[in-house]
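Presented below is the structure to which this report refers.
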Amino acid sequence: MLSVSFFQRDPLTCSRELIGCELVWDDCAGIVVETEAYLAEGDEACHTFARKSAREFIQAHEAGAAYIYLNYGVHWLLNALIKGGSQDGFILIRAVQPTRGIELMQQRRKLSAITQLGDGPGKLTQAMNVRGLDHGTSLCSDPRRWFLLKGPQGEVMADKRIGISKAAHHMWRFLLKDSEFDSRKPSH
DNA sequence: ACACGGATACTA
DNA sequence: AGTATCCGTGTC
């Protein structure tokens, strides 16, 4: 399992290197195929820019903690806390390729198509049952929830982050090239 | 194209 | 209290 030290480095490096790792969450698991990096300082799209609670979260938690919040009042979104490297930040998990617990994911998503179980940040949390009460729990020490290093699964490419109005030009979205499980095709 | 829906942080 | 904003999804 990825240890705390993995998350104590530069957020952009962590975001890129999480691609190809397997996210294990209780009875379900999937290969991470898409992430986005958010920087705690100087990034207007990061929660720390407007939310006191996000800044306090960084203070109060160790690197590798799960930062989970409700988006648009509908979807839980899963992030990993990056802390203690050159700069702090968050990595948003945007898409996974299901590997374990697929039947459970199909039940929760009310869908059978494997490619649609985790091809979006809100979809994968629904499929894997990631909820608000898991906010703050560690992704480095909980025996049921961790990241597994699996080695390169293909070519990783960078693209602009999705769905944000501020600081939208940064190429801080990382995805597995040509994966059917990405939430969106790259823009160029 | 648009409805859905709640936490957070503002204003007063 | 009320309002603006927000890292999305499903269906119209």
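Residue numbers begin at 1 in each chain, while the letters A, B, ... track the order of the sequences.
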Side-chain donor/acceptor contact of A/Tyr69 with base of C/dC7 under 3.5 Å: yes
Sugar-phosphate, base or nothing in reach of A/Ala45, heavy atoms under 4.0 Å: base
Gap between atoms CZ and P, on A/Arg55 and B/dT8 respectively (whole Å): 14 Å
Sugar-phosphate only, base, or nothing, as touched by A/Ser165 at under 4.0 Å among non-hydrogen atoms: sugar-phosphate
A/Arg161 to A/Tyr38, cation-pi by 6.0 Å centre distance and 45° axis angle: yes
Sugar-phosphate, base or nothing in reach of A/Ile162, heavy atoms under 4.0 Å: sugar-phosphate
Between C/dC7 (P) and A/Leu81 (CG): distance, integer Å: 18 Å
Between C1' of B/dT8 and CG of A/Leu77, the distance in whole Å: 15 Å
Phosphate contact (B/dC10 OP1 or OP2) by A/Arg51 side-chain N/O below 4.0 Å: no
Under-4.0 Å salt bridge between A/Arg173 and A/Glu34: yes
Aromatic ring of A/Tyr72 stacked on base six-ring of C/dT9, 5.5 Å, 30°: no
Atom-pair distance (CZ on A/Arg108; P on C/dT9), nearest Å: 17 Å
Backbone N/O of A/Arg108 and side chain of A/Gln126: donor-acceptor pair under 3.5 Å: yes
Any A/Arg109 side-chain nitrogen or oxygen under 4.0 Å from OP1 or OP2 of C/dG10: yes
side-chain N/O A/Ser53 vs B/dA7 OP1/OP2, d < 4.0 Å: no
Joint cluster assignment, A/Leu23 & A/Trp76, ILVMFWY side-chain distance < 4.5 Å: yes
Closest nucleotide among C/dT9, B/dC4, B/dG6 to the A/Leu70 side chain: B/dG6
Any strand: nucleotide that pairs with C/dC7 via Watson-Crick or wobble, under 3.5 Å: none
Side-chain heavy atoms of A/Phe90 within contact of A/Phe57, under 4.5 Å: yes
Distance, rounded to the nearest Å, where A/Glu56 contributes CD and B/dT8 contributes C1': 12 Å
Integer-rounded Å distance: C/dT11 P and A/Leu111 CG: 8 Å
Atom-to-atom span, CD1 of A/Ile164 to C1' of C/dT5 - whole angstrom: 14 Å
Who pairs with B/dG5 - Watson-Crick or G-U, where each distance is under 3.5 Å: none
Contact nearer the 5' end of DNA chain C, comparing A/Lys123 with A/Tyr67: A/Tyr67
Rounded distance (Å) that lies between atom C1' of C/dG8 and atom CD of A/Glu34: 12 Å
